[in-house]
Structures are given as structure tokens and as C-alpha cells.
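Beneath this line is the structure, given in C-alpha cells, with notes to follow.
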Amino acid sequence: MAYWLFKTEPDELSIDDLAAEPNRSFLWDGVRNYQARNFLRDQVQAGDLVFIYHSSCKPPGIAGIATISRAAYPDPTQFDSSHTYFDAKADPQSPRWFAVDVRYKQKFSEILTLDKLKKIVTLEMMPLVKKGNRLSVMPVSSDEWQCILSLI
DNA sequence: GCCAACGTTGGC
DNA sequence: GCCAACGTTGGC
């Protein structure tokens, strides 16, 4: 069982959206970065736990936890020409982009802000806290996971 | 809205 | 294969 952090814009999909339907599996689509794609496709497994990070909002930070309810499968939006995430170069025989399913687990009583996370020495190796980092799917070590839980 | 960081594209 | 131009991310 591994730990992850996924970024999402809460306007698109937030921890509250997940919490509103706690038994539903939500499609985690739209990952269009190869490094993030490789993590999703090759390493994320059903049962893994994920910090849900809200980005492009005020304040940015970790909002809660979800569980991976289905491992990687081809992201259907890449083949949908009416969709924002459509990719004309994606081939159904050899999909380029992958999605997973997630299910609600926990909402934090308050957002664990990026500002706060940046001040924690144990977390300084996380891509999340590094300037200019744009990785939207990243692994979290067991130490980092425990450290973040202790901050709630 | 600005802009730094950085990933992708495409001409050569 | 290089690299300039361009587009996107995401904090501020």
C-alpha cells in the first residue's frame, strides 16, 4: 500500500464533492503530464491512500484523504472530441493517458495550508513545496504521510 | 492579473 | 538532437 498526493482545483472536484457522495467512486481524469501519467499508470494501486490537495484557490493546501478504488485504466476523456481533455493524437489501441477512481475517506477539519507545509523540515523534499513545481500526481513517503497526519 | 517555472512543440 | 517559441501551471 502506497501513499500519494493528487492536486485538484476545487472548482473542478473538491474534497466536499467527494464527501457529498462517500460511497461513490469518482473518475480522476485529465492528467496530461507524462511524469504524473507514469505514476498513475505504473504505480498507483487500489487501496492506496491519497492526500487531496486543493490548488489555484485560497488558501492552497491539503483538504483531506481519498482511497484509490480502481487502479489505472485509459482516461476516457482523451477520446471524446467534445471534451476539454480530448487528445487528437490519442489512439484507442494504445492509450496515451490514464485515469484512476477515487473514493472519499476523510475531510480535514481545516485546510493544511501550503504555507504551513513549507515550514516543516520533514517535508522539504516533497515536490509540492518546491518553487515552480507543477507535478499533479506525486508519491508521498511513509514518513511524510505520518508527519502530515500529525499536523492536523 | 502577473509572471516564474517548466513542459511541449516544431523548425532546422 | 538542439533550442527558441509557445503554452500551461499555480502561487502570489
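In what follows, every chain begins at residue 1, and chains take the letters A, B, ... in the order their sequences are listed.
Between A:Phe6 and A:Trp28, the angle of the ring planes lies from 30° to 60°, which puts this pair in the tilted group. Using cut-offs of 30° and 60° for the angle between ring planes, the A:Phe108 and A:Phe51 rings count as perpendicular.
Between the side chain of A:Arg134 and the base of C:dT8, a donor-acceptor pair under 3.5 Å is found.
Atom pair A:Asp87:CG and C:dG7:P shows a separation of 17 Å (rounding to whole Å applied). What separates NE2 of A:His54 from C1' of C:dC12 is a distance of 19 Å, to the nearest Å. Atom-to-atom, CZ of A:Phe6 to P of C:dG10 comes out at 14 Å; the value is rounded to the nearest Å. Rounded to a whole Å, the CZ atom of A:Arg37 is 15 Å from the P atom of B:dG7. The nearest whole Å value for the distance from the CE atom in A:Met126 to the P atom in C:dG10 is 14 Å. In this structure, A:Asp115 atom CG and C:dG10 atom P are separated by 18 Å, rounded to whole Å. Between the P atom of C:dT9 and the CD atom of A:Glu9 lies a distance of 8 Å, rounded to the nearest Å. Here the P atom of nucleotide C:dT8 and the CG atom of A:Asn133 are 19 Å apart, to the nearest Å.
Here C:dC12 is the nucleotide among B:dA4, C:dC12, C:dG10 with the atom lying nearest to any side-chain atom of A:Lys118. In this structure, the nucleotide among C:dG10, B:dA5, B:dG7 sitting nearest to the side chain of A:Lys131 is B:dA5. Nearest to the side chain of A:Lys89, among B:dT8, B:dT9, C:dC12, sits B:dT9.
Distances shown here put a side-chain N or O of A:Tyr53 below 4.0 Å from the OP1 or OP2 atom of C:dG11. Within the structure, a side-chain polar atom (N or O) of A:Lys7 is placed less than 4.0 Å from OP1 or OP2 of C:dG10.
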**Message:** Pairs counted only when both distances fall under 3.5 Å, Watson-Crick or G-U: show me the 5' to 3' dot-bracket for DNA chain C, [ ] for pseudoknotted crossings and | for other-strand partners.
**Reply:** ||||||||||||
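The closest donor-acceptor contact from the side chain of A:Glu144 to the backbone of A:Ser141 lies under 3.5 Å.
The existence of a salt bridge linking A:Asp75 and A:Arg37 is excluded, since no basic side-chain nitrogen approaches an acidic carboxylate oxygen closer than 4.0 Å. Salt bridge annotation for A:Arg96-A:Asp87: present, with a cationic side-chain nitrogen under 4.0 angstrom from a carboxylate oxygen.
Neither side chain, A:Arg134 nor A:Ser55, offers a donor N or O lying under 3.5 Å from an acceptor on the other. In this structure, a donor-acceptor pair under 3.5 Å is absent between the side chains of A:Asp80 and A:Tyr85.
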